[in-house]
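Working notes, beginning with the structure itself.
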There are 2 protein chains.
Amino acid sequence: MVSGDRSRETIERITRAAVEIFSEKGFDGARVDAIAGRAGVNKATLYYHIGDKDALYRMVLRNVITDTVDQIESALSSLSAPEEKLRAYVRIFAGSAADNPGMAPIMMRELASGSKNLPDEIALIYGRTIDLVTEILEEGIRQGVFIKVSPLLIYVMVAGGVVLYRLTDSVRERLAVEAGKHYDVEGAEEEGIIREIETIIMNAVMKRGMNGEAE
Amino acid sequence: MVSGDRSRETIERITRAAVEIFSEKGFDGARVDAIAGRAGVNKATLYYHIGDKDALYRMVLRNVITDTVDQIESALSSLSAPEEKLRAYVRIFAGSAADNPGMAPIMMRELASGSKNLPDEIALIYGRTIDLVTEILEEGIRQGVFIKVSPLLIYVMVAGGVVLYRLTDSVRERLAVEAGKHYDVEGAEEEGIIREIETIIMNAVMKRGMNGEAE
DNA sequence: TAAGTTAAACTAAACGGTTGGTAGAAAGGT
DNA sequence: ACCTTTCTACCAACCGTTTAGTTTAACTTA
C-alpha cells in the first residue's frame, strides 16, 4: 500500500481493468483473477497494493463517481445564465456517460443492490450533483425563466434517461435485426440525441413565452 | 417437470422467492440455496421443478416483464385521447414499478450486463412498451396536440426517471440522516411524485397554447 | 538494499448441481 | 376389501469445481 512512482502506474492499470470488469460483470460476477489478468499484473501484486476485493470495488466506485461529478462541476463554473447552465448540465452529463462507459453499469448495479457498498463519503459526492441541479433550477425560478419543478425529478429524468438510453443500446439493436423494429432517434448520432434530451428538458422547465419553440 | 396442482403452488412460491433474491443480489450474487430456503423447499425440489439456475432466472425475467407490459397495455386500451393516454402511461408505469418492487433492480442489472440473459422472446415483449409510447405520440402529433419529439427518448426519460427515483431511495435517505440534506419532492407521497413526473412530461410534449399551464 | 513484481502451489470455504432414496396418494389387479 | 405397483413431489447428504485470498521463494529495478 505504498505509493512510489512505479506503484502509482500499476495501481492505475489495476483500477482501469477493475472498472472494465466490474462494469461488465458486476461485483459478484467479477473474478479477481480476471482483473489481474486484464491489468497485466500478477494476482499477488493486486493484493499487495490494494487489499481485498471489497477495497478494490470501493476504489472503483470512488473513481467513477468523482470523475463524473468533477467533470460536471468544472464545466458549469464558467457559465452563469440558468438556461445555459441547465443545457450544459445535460450535455456534460451525457458526455461524461459516453466518455466513461463503465459509469452507468456500475452505478445502476450499485443502486439496484440498495447502495450497500457505497461509502457515505462517496454518497456525499454523489449528492453534490443533485445540489447542482437544484441551484440551477432555483436560480432560474428566481429570475422568472423557469416554472416551479422538483429538482430531484429533473435530476432523475435526465440521469435516468441518459443512462437507460445507453443501457438499452444492445436490446434495441437486437430488436432491429430480429424483428425489424427500429427505435432510433432521428439523426441518431450521439450529438443529436443529447441535443434532443436537452430540448425536452428545456420545454419541461421553461416558462411559456420565454424561449424559442422546439420544432 | 410436470404440473399437478400442488406443483403449481410450489413453483409459484419458488418464483416469488427468486424474484426477491435476484432483485436483492443479482444473478451472480443470488444463492440457489437461499432461494430454495426462502421458498421453503429443498434445493433438489427447485431443480426438480425448474431446471438450473439459468432457467430459474429466465423465468423470473419473463415474469416481471410480462407483468408490467400487460398491466400497461390493458390500462391504456380503454382510453383514446393521446393526452389522456400519455398521462395514464406515466401513471401506470410508475404504479407498476411500485407494485412490483423487484422489477426495477432486476431490469437494471440485466441491462447493465448487456442484456446477455434476456431471451429474444422477452426482448420483444419489452419492445411493445416502446411501440405503445410511439403510437401515443404519433397520434398526438397527427391531432396537432403534441410537438414532434422522439418517442424513444420520452420512453427512456419516463422509465429511467421512475426507476432511478426508486433506486436512489436508500441513498437519499442516508444523505438526509447523515448530512441533513433533504432531496424530497414537495408533497412527497407516491401520488404526488407520479403526478409531477406526468406534468413534466406533458409540458415537454404539448404544443404551446394547447393545455393549461403547470403551476 | 529496499520496494516492487512474479509464478506457482496451496487452503478453506462456498456454491451449483446430483444422487439415492422416501412419503403418500392414486391405479390396478385379484 | 386387500395387496402391489406406479407416479409425483420432495428431501438430506453428498460431489466436484470454482473462487477469494495466502504463502514462498526467486527475480528486477531504482
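A, B, ... follow the sequence lines: proteins, then strands. Residue 1 opens every chain. Note that the structure is predicted; figures quoted are calculated from it, not measured.
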For a 4.5 angstrom cut-off between non-hydrogen side-chain atoms, does [X] reach [Y]?
{"X": "B/Ile201", "Y": "B/Tyr89", "answer": "no"}
{"X": "B/Lys181", "Y": "A/Asp131", "answer": "yes"}
{"X": "A/Ile197", "Y": "B/Val156", "answer": "no"}

For A/Arg58, side chain to side chain donor-acceptor pair (under 3.5 Å) partners two or more places apart: none

Taking atom types as modelled and ignoring hydrogens, do the side chains of A/Asn42 and A/Tyr48 form a donor-acceptor contact shorter than 3.5 angstrom? no

Interatomic distance, [X] [atom1] vs [N] [atom2] [rounded to whole Å]:
{"X": "B/Tyr57", "N": "C/dG16", "atom1": "OH", "atom2": "P", "answer": "15 Å"}
{"X": "A/Asp54", "N": "D/dG21", "atom1": "CG", "atom2": "C1'", "answer": "12 Å"}
{"X": "B/Ile50", "N": "D/dC10", "atom1": "CD1", "atom2": "P", "answer": "10 Å"}
{"X": "A/Arg8", "N": "D/dA30", "atom1": "CZ", "atom2": "P", "answer": "15 Å"}

Between protein and nucleic acid, restricted to nucleotides 18-20 of chain D and to nitrogen or oxygen atoms under 3.5 Å apart, what atom pairs and distances do you find?
from, atom 1, to, atom 2, distance (Å)
D/dT19, OP1, A/Arg31, NE, 2.8
D/dA20, OP1, A/Ala30, O, 3.2
D/dA20, OP1, A/Arg31, NH1, 3.2
D/dA20, OP1, A/Lys53, NZ, 3.3
D/dA20, OP2, A/Val32, N, 3.4

Pairing partner (Watson-Crick or G-U wobble, both distances under 3.5 angstrom) of C/dA2: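 Check on C/dA2: unpaired, no WC or wobble geometry under 3.5 Å.
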
Got more than 12 heavy atoms from elsewhere within 6.0 Å of NZ, A/Lys53? yes

Side-chain donor/acceptor pairs under 3.5 Å, residues 28-41 of chain A, sequence neighbours excluded:
from, atom 1, to, atom 2, distance (Å)
A/Arg31, NH1, A/Asp28, O, 3.2
A/Arg31, NH2, A/Asp28, O, 3.3
A/Arg38, NH1, A/Glu20, OE1, 2.7
A/Arg38, NH1, A/Glu24, OE2, 3.0
A/Arg38, NH2, A/Glu24, OE1, 3.3

Set of ring pair (Phe, Tyr, Trp, His ring centres under 6.0 Å) partners for A/Tyr57, sequence neighbours left out: A/Phe22, A/Phe27

At a cut-off of 3.5 Å, list every protein nitrogen or oxygen paired with a nitrogen or oxygen from nucleotides 5-8 of chain C, distance to 0.1 Å.
from, atom 1, to, atom 2, distance (Å)
C/dT5, OP1, A/Thr10, OG1, 2.3
C/dT5, OP2, A/His49, NE2, 2.1
C/dT6, OP2, A/Asn42, N, 3.0
C/dT6, OP2, A/Thr45, OG1, 2.7
C/dA7, OP2, A/Asn42, ND2, 3.3
C/dA7, N7, A/Asn42, ND2, 3.1

Show the distances under 3.5 angstrom between N or O atoms of the protein and N or O atoms of nucleotides 5-7 of chain D.
none

Test A/Val69 against every option in A/Ile65, A/Thr66, A/Asp67 by the side-chain contact (heavy atoms from CB on, under 4.5 Å) rule and name the one that passes.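 With A/Val69 as partner, A/Ile65, A/Thr66, A/Asp67 yield a single side-chain contact (heavy atoms from CB on, under 4.5 Å), made by A/Ile65.
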
So which atom in A/Val171 and which in B/Ser115 form the shortest heavy-atom distance, rounded to 0.1 Å?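 Nearest heavy atoms, A/Val171 then B/Ser115: CG2-OG, 3.1 Å.
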
Six-ring centre of B/Tyr165, B/Arg172 cation under 6.0 angstrom, axis tolerance 45°: yes

